[in-house]
Amino acid sequence: MAGYLARRFVQMLLVALVAAICSYGMLYLVPGGPIDQLLAERQNAGQNRISEDDIRRVRERFELDIYVPFRFTRWLIGWPAGPLPGGIGADWQVGCAVPGQMRLRYPDGRVEVVEEGCEVPVTMADLEGRKVSRGIVFGDFGISQVMLRGRPVTDLIMTRLPYTLYLMGASIFLSILIAVPIGVYSAVRQYSRFDYIMTTLAFIGASLPSFVFGIFAILLFSVLAKNAGLPYLPPGDAVGVRDYTIPWIGAVEAGSFLDRFLRFLMPCGVLTFINIAGWSRFVRGSMLEVLSLDYVRTARAKGVAERVVILKHALRNSLIPFVTLLAGILVALFSGALITETVFNWPGIGRLFIDALGRNDYNVVMALLIINVVLLLIGILITDILYTVVDPRIRLT
Amino acid sequence: MATSTTAVPLEETAPRRSEGQWAIVFRRFRRHRLAMFCVGLLSVLLLLSAAAPLIAPYERDEPNLTGRFLTPMGIDADGGLHILGTDHLGRDYATRLLYASRVSLGTAFTATLIASTIGILLGMLAGYFGGWVDTIISRVLEIVATFPTLLLLLILSVILVQNINAIPLPSWAASGLAFIFAVSEREARIIFAVILVLAFFGWTGTARLMRGMVLSVRENVYIESARALGASNLRILFRHVFPNALPPMIVDFTLGVNGTLVAESALSFLGFGIQDPTPTWGNMLGYAQSYMFQYPWMPLIPAMPILVASIAINYIGDGLRDALDPRQRG
């Protein structure tokens, strides 16, 4: 067990590192990066001439003047942030502030300017005094460049996290509470009318994209209910800005508990429904499998009450595969539901990701991506360990 | 030892021409009423999208600022009838929906086809040859499985769509795609970028499934006898292993089309996939959402085909699963 865990841990670190390299490469090394964005923005704003100094400043701000390997290590572990102790390597070149230019004259008279060599190098000594994150390995995700100009990404995540935690927490809790009994009852009464209706609903729920479902919910409970003069639910945001009145309930003060609760109902309901659709099918399948096993027949033959057979003998064993879903739940708790949060304008982590991506705030995108990968890895590890706890037949070697 | 043989008329012993495997599958599939109905529905959608340029009543991108947000069956200032109304720029909704089905369904089918082909080939290699080939492919599968798919899908889509010129797509291929999707070449390049992204994330499940199937199929005696007869690896793979591992792949493909359709709609809905002048069900729904409080019928129009197609494809997959299952007789 200890050996297994150690091996798994090393494997996890490797996978996380590969993921970090891949995602770093994907976001920072593609054409159309910050400089291009800036050029486009400036040009749209009418400032169509960008001076050499501007370019140099932007390159410094986004660290584009540092060579890729150093840029990556600075991002990963916050090194190098200056010369080595004792001033060693102060003049080592780690980047290039102004690339040298060379004119190429072709035989046919064309002239092309290519970048060649380096005019103003960046040395280790130049790095001293520059802002650098402590490195993502140590939990510092750098600064948010667009959304919170200059404030740490961690701040941004922390302001959004509570919303995601309680939305996801509540919906996951509710889903388990509802999905398990439905699944069990469907399995016990297989092919009954209840089972038929539930499997059809689950089938539709599982094939329905969440944004379509979310929009239908808003149409039904906000737009149509409001138009019909019935009590309606506010369609978006987590907290209102203006007071409003709802028929039958009365005036709702913006920011009050009632306001927050009303706004919470719809996204939570949509997420819960989608989860129930998937999980009740899962429980049903697993329960059906267990119910056909020999020990269940033995228990029945011994004259154990049907209730006890199902709840004590069958259910407990049928929930073992449910443990595999836990890895996903851990990630979901943190990263929220991208699409549902966006549809309902819920200020959680999922929408943060969408916003950051839409506004090219790469540090935020990277941070969320890395946290997601790490959480998923941890979730998988926990699942494996839990398996041995709930099912003694499984041994990790 | 003499055995007495009784003469039996030939006509009676000659076995009835046995039913081919696919005939059996088709017969069983036909019994699944709902799935047959869904095949009909999907065929109508496919036909409509194939005929989009012929039956569309208006120009796809023609704005009409005096006739914005017309209700279904609304009539604009020029007396033109708009069966499904118009959108926020006064473009005919029915026309755009027809073109959108072509783009959405086409993208889903193409992306899934690419993903399934890659998945089946890699799965076959991993399962059949084992050894280091299997190790490499399985490791890659494991690593890709730890990536948060939706996040990466969005990121890659943003990057590729922003840099469509960086994708090496020869112009004959671009014009081919443009013809298939009934769009301009520039639009075709964006669609191609989205197809690439979707295909990139779609192959892992197929590869895993195929690997498992091949692992079990290759243990059969007929594979051994084929090898004994001197058949090459390639022949065994494609003549013997592939057809016997095919049935679950067909179901997987069907459900994959639905997955890709939903993923593409979600991308375009969020504004990171196929962009506005090109209509897709997803981006039409995205725009409709902003206006749904004043014009509540708007989101219903693009949402309906997503719903219908998604549920229909799932039921077809379900029917195929039952029909292809060898354990079920009859």
Side-chain angles (χ1 to χ4, degrees), chain A residues 11-12 14-16 18-19 22-23 26-27 30-33 36-37 200 203-204 206-216 218-220 222-224 226-227 235 327 331 335 337-339 342-343 350-351 353-354 357-358 360 362 365-366 368-377 379-380, chain B residues 34 139 142-166 255 258-259 261-267 269-272 281-282 285-286 288-289 292-300 302-304 306-307 309-315 317-318:
Chain A
Q11 242 175 34
M12 263 174 61
L14 276 179
V15 172
V18 169
C22 288
S23 36
M26 201 165 63
L27 279 168
V30 290
D36 293 2
Q37 287 295 327
T200 311
F203 192 82
I204 293 173
S207 53
L208 204 73
S210 54
F211 54 95
V212 172
F213 190 54
I215 283 183
F216 279 176
I218 296 180
L219 264 184
L220 194 64
S222 296
V223 182
L224 291 185
K226 192 176 183 180
N227 291 350
V331 178
S335 60
L338 281 177
I339 294 169
T342 310
V343 170
R351 226 197 74 209
F353 181 83
I354 299 280
L357 197 60
N360 292 307
Y362 291 132
V365 174
M366 293 282 306
L368 293 178
L369 187 62
I370 299 282
I371 295 177
N372 243 294
V373 172
V374 170
L375 277 182
L376 192 61
L377 287 172
I380 293 173
Chain B
L34 201 53
R139 275 296 114 78
E142 264 171 44
I143 292 182
V144 175
T146 59
F147 285 154
T149 319
L150 188 58
L151 300 193
L152 281 184
L153 202 66
L154 286 164
I155 294 177
L156 268 187
S157 182
V158 166
I159 292 173
L160 282 188
V161 169
Q162 273 177 4
N163 299 291
I164 42 168
N165 293 324
L255 300 180
N258 180 48
L261 181 74
V262 170
E264 183 271 314
S265 303
L267 278 184
F269 173 77
L270 294 171
F272 296 117
W281 293 336
L285 187 59
Q289 195 204 356
M292 68 191 282
F293 296 101
Q294 297 94 327
Y295 313 101
W297 66 87
M298 268 183 85
L300 284 177
M304 265 341 202
I306 300 182
L307 259 183
S310 178
I311 293 177
I313 295 173
N314 262 334
Y315 270 117
D318 209 38

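Within every chain, numbering begins at 1; the chains are lettered A, B, ... in the order of the sequence lines, protein sequences first and strands thereafter.
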Taking B:Leu261, B:Val262, B:Ile313, B:Ile155 one by one, which has the highest count of heavy-atom pairs under 4.5 Å against chain A? B:Ile155
Turns out that what part of A:Val331 lies under 4.5 Å from chain B's heavy atoms comes down to neither
Using non-hydrogen atoms only, which part of A:Leu357 is less than 4.5 Å away from chain B: side chain, backbone, both, or neither? both
What is the minimum heavy-atom distance between B:Leu255 and B:Gly317, and which atoms define it? CD2-CA, 4.3 Å
Using side chain to side chain contact (heavy atoms under 4.5 Å, CB included), reason through A:Leu369 and B:Leu152 one step at a time and then give a plain yes or no. CA-CA 8 Å; A:Leu369 187 62; B:Leu152 281 184; 3.9 Å; yes
For B:Pro296 and B:Pro299 the tightest heavy-atom approach is O-CD, 3.4 Å
Counting only heavy atoms closer than 4.5 Å, note whether A:Phe213 contacts chain B via side chain, backbone, both or neither. neither
Which atoms of B:Leu154 are under 4.5 Å from chain A, going by heavy atoms: the side chain, the backbone, both sets, or neither? both
With chain B as the partner, which of A:Val212, A:Leu377, A:Val365, A:Leu224 has the greatest number of non-hydrogen pairs under 4.5 Å? A:Val212
Answer with side chain, backbone, both or neither: which region of A:Ile215 has an atom nearer than 4.5 Å to a non-hydrogen atom of chain B? both
For A:Ile380, is it the side chain, the backbone, both or neither that has a heavy atom under 4.5 Å from a heavy atom of chain B? side chain
Bottom line for B:Asn258: the part with an atom under 4.5 Å from chain A's heavy atoms is side chain
Find the distance between CZ (B:Phe269) and OG (A:Ser210) and round it off to the nearest 0.5 Å. 8.5 Å
One option among A:Leu375, A:Val343, A:Thr342, A:Asn227 has the most heavy-atom pairs under 4.5 Å with chain B, and it is A:Val343
Those residues that, when tested against B:Phe272, pass ring-ring contact (aromatic ring centres under 6.0 Å, His included) (two or more places apart): none
State the CD-CG distance between B:Gln289 and A:Leu219, to the nearest 0.5 angstrom. 9.5 Å
Would you compute the distance between atom CG of A:Leu338 and atom CG of B:Leu151 and round it to the nearest 0.5 angstrom? 5.5 Å
